[in-house]
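Comments concern the structure below.
Note that the structure is a prediction, hence the values are computed from the model and not measured. Reminder, nothing fancy here: chain letters follow the sequence lines and each chain counts from 1.
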Number of protein chains: 2
Amino acid sequence: MTDISRSGCPINLSLEVLGDKWSLLIIRDMMFGNRRHFRELLTKSEEGISSNILADRLKTLLDEGIITREDDPTHKQKGIYSLTEQGIELLPVLAQMAAWGYKYLPVSEELGIRARLLSEGGAKLWAEFMDELRESHLGVKRRKRTGPSVGERLQAAYESVVKRK
Amino acid sequence: MTDISRSGCPINLSLEVLGDKWSLLIIRDMMFGNRRHFRELLTKSEEGISSNILADRLKTLLDEGIITREDDPTHKQKGIYSLTEQGIELLPVLAQMAAWGYKYLPVSEELGIRARLLSEGGAKLWAEFMDELRESHLGVKRRKRTGPSVGERLQAAYESVVKRK
DNA sequence: TCGACTGATTGCGATTTGCAACTGGTTGTA
DNA sequence: TACAACCAGTTGCAAATCGCAATCAGTCGA
């Protein structure tokens, strides 16, 4: 990551932080896959990132204030990565990107179902999911709610497609 | 651009098409700056893309069906690049990215004003602007409207900041 | 005819990427 | 206590990509 920026345009600045093939995929896995450890991000992702790239991107995302890292009390070597508020607010970007990809690219059925639900749910569903992320990543308490969470609903939809196969 | 994809995830597929530092900036300039020729995209952008990268990205975007190219009748060598519907529908992605960058990154005042207006305008303004793009890039006729277009309003806001300096 | 302009292409060094192997340490189990 | 499995990274190296500068051939207006 270079220190000097090409321009002060918000889109350009965002791309200088996120405009590579992996950063947003890591954030996607933290958001939708609840991956919080290095190993989980390394091995449980669809795309198979290599460890040096993962280490490098996590470092950059830390520097940029998009994620944080703290020690896992259950294991001296484990670190737990969490999204910051800034990271959580990338959800609309990912959601729009997912909706566009779902509409125009050859998305697989099982991986597209979440994009569809998220797209159909609109801004209101995104806000609800972001609140859930604030609870699980920032420790912010939420009002009690009824029924399954957005995260659970997305997961259930995914598994129902996978099971049918 | 590789032909084989890492996964069928919509976010991953979108990133394989757009996940580099330049593609979305080219689309941004076509959308908001009304740049339609190679030369315009090459020299009138804030960031200064080099000509080989621009040529390569335009080719990729053509292949992906995000833009089209046709000959300019006024000059046998000039081509006019236009956004397709698929390209126009990247507006929400760019708008969300601009909003996020505007909120969290050191955006310059003159280049941030459009992001702010676009963000405040919300989905309704985006839809209106996309309709204008359909008219100027796809030749789709629109119903007559009153007052300045979204594109004109964005441009006016930008110039008012630049002039004040 | 000429100089400026058009959309590119080429050569080349610097940077980034991706794979595989490896490091130093921790944990659970016997 | 011994040991295999697991943990978060690091290192070396080859290949691909990036980015700058120079260049190219066709076209236009004077």
Side-chain angles (χ1 to χ4, degrees), chain A residues 1-7 12 15-26 29-30 33-64 67-82, chain B residues 1-7 12 15-26 29-30 33-64 67-82:
Chain A
M1 214 51 63
T2 47
D3 281 336
I4 54 136
S5 75
R6 279 192 277 250
S7 85
N12 176 59
L15 285 171
E16 286 180 5
V17 178
L18 305 165
D20 71 276
K21 296 262 190 296
W22 291 111
S23 298
L24 283 174
L25 292 181
I26 294 169
D29 284 346
M30 291 181 70
N34 203 33
R35 312 278 150 71
R36 307 289 289 271
H37 304 286
F38 190 94
R39 246 337 108 154
E40 287 178 326
L41 289 164
L42 187 66
T43 60
K44 292 185 185 172
S45 89
E46 290 281 329
E47 292 86 7
I49 190 172
S50 54
S51 59
N52 55 345
I53 308 277
L54 176 59
D56 180 80
R57 291 306 182 283
L58 286 173
K59 209 173 292 172
T60 305
L61 291 171
L62 277 169
D63 288 348
E64 296 288 342
I67 62 175
T68 55
R69 192 211 131 111
E70 52 192 325
D71 293 335
D72 185 334
T74 73
H75 191 303
K76 280 189 181 168
Q77 271 187 319
K78 267 184 174 171
I80 303 179
Y81 292 97
S82 302
Chain B
M1 222 46 65
T2 47
D3 281 334
I4 55 137
S5 75
R6 278 192 278 252
S7 85
N12 176 58
L15 285 171
E16 286 180 4
V17 178
L18 306 165
D20 72 275
K21 296 263 190 295
W22 291 110
S23 298
L24 283 175
L25 291 182
I26 294 169
D29 283 347
M30 291 181 70
N34 202 33
R35 312 278 149 72
R36 307 289 290 270
H37 302 286
F38 190 94
R39 256 323 120 156
E40 287 179 326
L41 289 163
L42 187 65
T43 59
K44 292 185 185 170
S45 89
E46 289 282 330
E47 294 85 8
I49 190 171
S50 52
S51 61
N52 56 344
I53 307 278
L54 176 58
D56 179 81
R57 290 308 182 283
L58 286 173
K59 208 174 292 171
T60 305
L61 292 171
L62 276 169
D63 289 346
E64 296 289 342
I67 62 175
T68 54
R69 192 211 128 110
E70 52 191 327
D71 293 336
D72 185 333
T74 72
H75 190 303
K76 280 190 180 167
Q77 269 187 322
K78 264 185 175 172
I80 302 179
Y81 292 97
S82 301

Can you name the side chain to side chain donor-acceptor pair (under 3.5 Å) partners of A:Q77, sequence neighbours left out? none
State which residues pass side chain to side chain donor-acceptor pair (under 3.5 Å) with A:R69; sequence neighbours excluded, sorted by chain then number. A:D71
So, is A:R36 close to the D:dA8 phosphate, meaning a side-chain N or O under 4.0 Å from OP1 or OP2? no
Less than 4.0 angstrom between a side-chain N/O of A:R6 and OP1 or OP2 of D:dC18, yes or no? no
Assign each of B:K78 and A:W22 to its nearest nucleotide of DNA chain C by heavy atoms, then name whichever residue's nucleotide is nearer the 5' end. B:K78
Could you tell me the separation between the [atom1] atom of [X] and the [atom2] atom of [N], rounded to a whole number of Å?
X: B:L58; N: C:dA8; atom1: CG; atom2: C1'; result: 10 Å
X: A:R69; N: D:dC7; atom1: CZ; atom2: P; result: 14 Å
X: A:D72; N: D:dG9; atom1: CG; atom2: P; result: 12 Å
X: A:K21; N: C:dT15; atom1: NZ; atom2: C1'; result: 16 Å
X: A:D71; N: C:dG25; atom1: CG; atom2: P; result: 16 Å
X: A:L61; N: D:dG9; atom1: CG; atom2: C1'; result: 16 Å
X: A:R57; N: D:dG9; atom1: CZ; atom2: C1'; result: 15 Å
X: A:I67; N: D:dA8; atom1: CD1; atom2: P; result: 13 Å

Which residues in residues 37-56 of chain A have a heavy atom closer than 4.0 Å to any atom of DNA chain D? A:H37, A:F38, A:R39, A:S51, A:N52
Under the side-chain contact (heavy atoms from CB on, under 4.5 Å) test, residues paired with A:S82 that sit two or more places apart: A:R36, A:T68, A:E70, A:I80, A:H137
List in chain and number order the residues that pass side-chain contact (heavy atoms from CB on, under 4.5 Å) with B:K44, two or more places apart in sequence or in another chain; answer none if no residue qualifies. B:R35, B:E40
Distance check, rounded to the nearest 0.5 Å: A:M30 atom CE versus A:S45 atom OG? 13.5 Å
From B:W22 CH2 over to B:D29 CG, what is the distance, rounded to the nearest 0.5 angstrom? 9.5 Å
Grab the N/O contacts between the protein and nucleotides 27-30 of chain C below 3.5 Å, and write none if there aren't any.
| unit_1 | atom_1 | unit_2 | atom_2 | d |
| --- | --- | --- | --- | --- |
| C:dT27 | OP1 | A:K76 | N | 2.9 |

If you take all heavy atoms of B:I26 and B:I49, which pair is closest and at what distance? CD1-CD1, 4.1 Å
Which heavy atom of A:N52 sits nearest a heavy atom of A:S50, and at what distance? OD1-OG, 3.0 Å
Between B:K21 and B:E47, is the side-chain contact (heavy atoms from CB on, under 4.5 Å) condition met? List the steps. CA-CA 11 Å; B:K21 296 263 190 295; B:E47 294 85 8; over 6 Å; no
